[in-house]
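The block underneath contains the structure these notes are about, expressed in structure tokens.
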Amino acid sequence: MPPKNPTAPPPAPDTTVGLETLTGPGGELHQQSADQAHQLTTNQGVPISDNQNSLKAGARGPVLLQDFILREKIMHFDHERIPERVVHARGSAAHGFFECLEDLSDITAADFLQRPGERVPVFTRFSTVAGNKGSMDLARDVRGFAVKFYTQQGNFDLVGNNIPVFFIQDAIKFPDLIHAAKQDPDREFPQAQTAHDTFWDYISLTPESMHMVMWIMSDRTIPRSYRMMEGFGVHTFRLVNAAGASTFVKFHWRPKLNAQSVVWDEAVKINGADPDFHRRDLWEAIDTGDFPEWQFCLQTFSQEEADALPFDVLDPTKVIPEEVIPLRVVGRMVLDRNPDNFFAETEQVAYCASHVVPGIDFTNDPLLQGRLFSYQDTQLKRLGSPNFHQIPINQPKCPFHNLQRDGHMRMDVPKGQVNYEPSSLGPDVARESQASGYRTFPNLETGEQLRVRPEAFGDHYTQARMFFFSQTKPEQDHIVAALIFELSKCDVARVREAMLARLINIDQTLALRVAAGLGVRGEITPAAAPIPAAEMDPSPALSLLAKAPPGLVGRKVGCLVTDGVDDALVAELKAAVEAAGAKLAIIAPTISGVTTAAGALLAADFRIDGGPSVLFDAVALLPSDEGGAALALEATAVNFVRDAFGHLKVIAYVPAAAPLFVKGGLSDANPDADAGLINLPKATVADFITAASGGRIWDREPLVRKVF
Ligand code: HDE
């Protein structure tokens with residue numbers, strides 16, 4: 001028999017204050033206590049006596065309309081949702097601080113960039129773009145990288161991405177781009193994917209997107225972690241100093257853990273194994289004191305330097321290679337506190353590209369100019385009121401006062417008779433200040449009113465080519481593979497052909513490789529390219545692999561064990577992994593853990609089917625003889641090994657793991673020819689750490705995937 005009142009709270013201990021006696025629906029007595037601080041109340045502060053039973057006319061009678069407690073609770077619940085973000089709906093955020101490392105008063109009056117060592121709070125949100133709020137984290141997509149700096153001269157929102165260029169050059173194209181990328185309007189799928197006809201149809205007709213296409217097809221769009229992503233302000237901004245002199249600037253974030261990615265097949269499987277992979281990773285890292293950190297870097301340049309570049313700095317489809325204008329590290333950001341409440345903070349945070357502070361100004365980049373309107377407008381819709389700045393997460397942390405008044409959900413209580421300016425009646429009301437107020441850089445603007453694009457924006461292929469040839473071989477292979485994957489999801493042959501006609505303008509071999517992967521026979525006719533791709537020096541800084549130093553810091557190692565596991569070996573492995581700055585997770589046949597060879601209990605972090613190898617950066621297989629044979633009968637254990645191998649991970653193993661390799665079709669795997677196979681009796685745990693610190697075993701890739 002089920003209990004009569006399964007939802008009733010358990011009896012409270014007698015020692016608590018304010019003991020009450022209640023009658024449950026079955027007539028049984030239960031006791032509940034509440035001191036005033038913990039008393040459940042209505043939104044009007046009225047104490048609630050029963051949060052489990054609505055008011056009825058008799059135990060089996062109808063519910064009464066006069067139950068104001070029920071109605072208030074349900075009414076509030078009915079209105080819990082607000083519109084999700086039109087783009088970047090899926091994301092996660094954290095609090096932290098920004099620390100100025102250099103006095104930048106020579107180039108900017110921005111208050112938070114004046115005094116080395118001084119910190120201001122930040123709230124930083126990472127996101128995907130196309131997917132809805134509940135979509136999975138490992139979608140192949142650009143990631144948003146939005147930082148709200150709460151400075152003493154107001155909030156500065158740097159609303160950037162993890163890719164330094166964009167698809168389009170003019171904001172007027174944005175709604176079409178997003179419509180094409182999101183789900184088809186008739187069927188509302190596919191979710192969080194660009195691999196469909198409408199996206200590639202639009203892209204094939206938008207040659208200015210070709211540089212971005214190279215970036216989105218690279219592994220940058222399947223990052224290993226939010227902690228391991230670069231960030232970019234994308235547009236050229238202006239810094240303005242106290243004397244009014246302007247310097248152009250591009251903003252960059254460089255992760256301390258370096259930018260790292262997963263591989264595509266792994267991303268697909270992570271989405272199934274843990275759709276919250278990035279969220280969880282960020283949350284857990286901060287929760288365990290492993291605070292992610294980024295360098296804040298500037299690329300600064302003068303008008304003359306801008307004029308000397310072979311492209312227009314107002315064109316957001318172009319990068320300025322670091323080799324041409326180096327990065328200057330001027331600050332750092334550390335995220336050290338998880339939000340207390342996801343909705344109140346992460347969901348309600350309102351980043352606006354137009355939120356700048358004195359010393360930072362815009363340029364005429366037409367994409368940026370459109371954004372200056374869009375963000376405030378979208379917050380009005382999402383948060384429902386022009387008072388969204390009064391929501392705690394959006395409030396400046398410096399004094400702010402003006403004569404704007406009223407509106408939905410006004411939170412403050414302005415005092416006094418005077419709500420206008422100029423005024424003589426209110427000597428204390430806020431006044432403008434010529435000396436410290438925000439001043440726009442007085443750029444000289446002339447020109448006819450025209451719907452045109454500057455001619456200098458016309459080269460769509462040179463930087464796309466430069467990006468492709470700045471990548472290492474595996475990275476180029478992945479761009480090719482991603483294009484083959486995405487275009488193979490397009491049902492309409494014309495769309496695939498139109499894309500090949502664009503790709504051939506970037507590089508003939510690239511187009512031919514993609515064509516081979518698509519099985520396209522026959523000639524590719526290039527699309528019209530008024531300005532053909534020119535040769536540009538490659539920029540090694542654009543390759544993630546070329547600049548990734550070895551290391552395991554911030555990574556996770558998965559260790560598959562069974563009963564009878566060697567105590568000393570697990571202990572040695574754990575110590576070595578932790579000494580390398582990584583974390584070890586134990587995966588066992590049951591969640592209760594295993595009994596080691598010495599008879600101790602080794603607790604498990606995951607049961608095998610809940611902890612597939614895609615969740616880890618490197619793995620160790622440490623079953624006992626009996627355990628290895630038993631695991632070979634578990635498909636999830638076999639897949640653990642097969643995927644670790646297929647995803648090019650470093651694998652340490654004891655001989656007892658052999659049946660898993662055999663069952664996984666990996667009998668040929670040869671530690672003498674594969675630097676990522678660490679045969680533990682012969683090699684040491686230290687060898688494993690060294691190999692795993694080197695990252696993936698790229699030489700293995702041709703063995704597991706056809707490279708076109
Ligand atoms: Fe956004 N973008 N965007 N965007 N964007 C939004 O604002 C928009 C663009 C970016 O974590 C929206 O609050 C237009 C470039 C991030 O809350 C919206 C254009 C870059 C976020 C909007 C762009 C971005 C957004 C949707 C073309 C990189 C998430 C919800 C002119 C530099 C911020 C919202 C967060 C969010 C408009 C292009 C970055 C609709 C019109 C380029 C990181 O206002």
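When reading the values below, keep in mind they use all heavy atoms of this one structure, side chains included, and skip hydrogens, waters and symmetry mates. For ligands, and for the atoms within them, numbers begin at 1 and follow the listed sequence.
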Find out whether the Lys NZ or Arg CZ of Arg119 is both under 6.0 angstrom from the six-membered ring centre of Phe97 and within 45° of the ring's axis.
yes
Ion pair present between Asp312 and Lys318, side-chain N to carboxylate O less than 4.0 angstrom?
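No, this pair does not count.
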Salt bridge between Glu293 and Lys256, side-chain N to carboxylate O under 4.0 Å?
yes
Any donor-acceptor N or O pair under 3.5 Å, side chains Arg502, Tyr461:
yes
Excluding sequence neighbours, so at least two apart, what forms side chain to side chain donor-acceptor pair (under 3.5 Å) with Tyr375?
Arg371
With a 4.5 Å cut-off on side-chain heavy atoms, are Asp176 and Tyr202 touching?
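The answer is yes, as the side chains (C-beta and beyond) meet within the 4.5 Å cut-off.
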What does the N/O contact table under 3.5 Å look like for ligand 1?
unit_1: ligand 1; atom_1: 2 (N); unit_2: Tyr375; atom_2: OH; d: 2.9
unit_1: ligand 1; atom_1: 3 (N); unit_2: Tyr375; atom_2: OH; d: 2.8
unit_1: ligand 1; atom_1: 4 (N); unit_2: Tyr375; atom_2: OH; d: 2.7
unit_1: ligand 1; atom_1: 5 (N); unit_2: His88; atom_2: NE2; d: 3.4
unit_1: ligand 1; atom_1: 5 (N); unit_2: Tyr375; atom_2: OH; d: 2.7
unit_1: ligand 1; atom_1: 11 (O); unit_2: Arg125; atom_2: NH1; d: 2.6
unit_1: ligand 1; atom_1: 13 (O); unit_2: Gln379; atom_2: NE2; d: 2.9
unit_1: ligand 1; atom_1: 17 (O); unit_2: Arg85; atom_2: NE; d: 2.7
unit_1: ligand 1; atom_1: 17 (O); unit_2: Arg85; atom_2: NH2; d: 3.3
unit_1: ligand 1; atom_1: 17 (O); unit_2: Arg125; atom_2: NH1; d: 3.3
unit_1: ligand 1; atom_1: 44 (O); unit_2: Ser374; atom_2: OG; d: 3.0

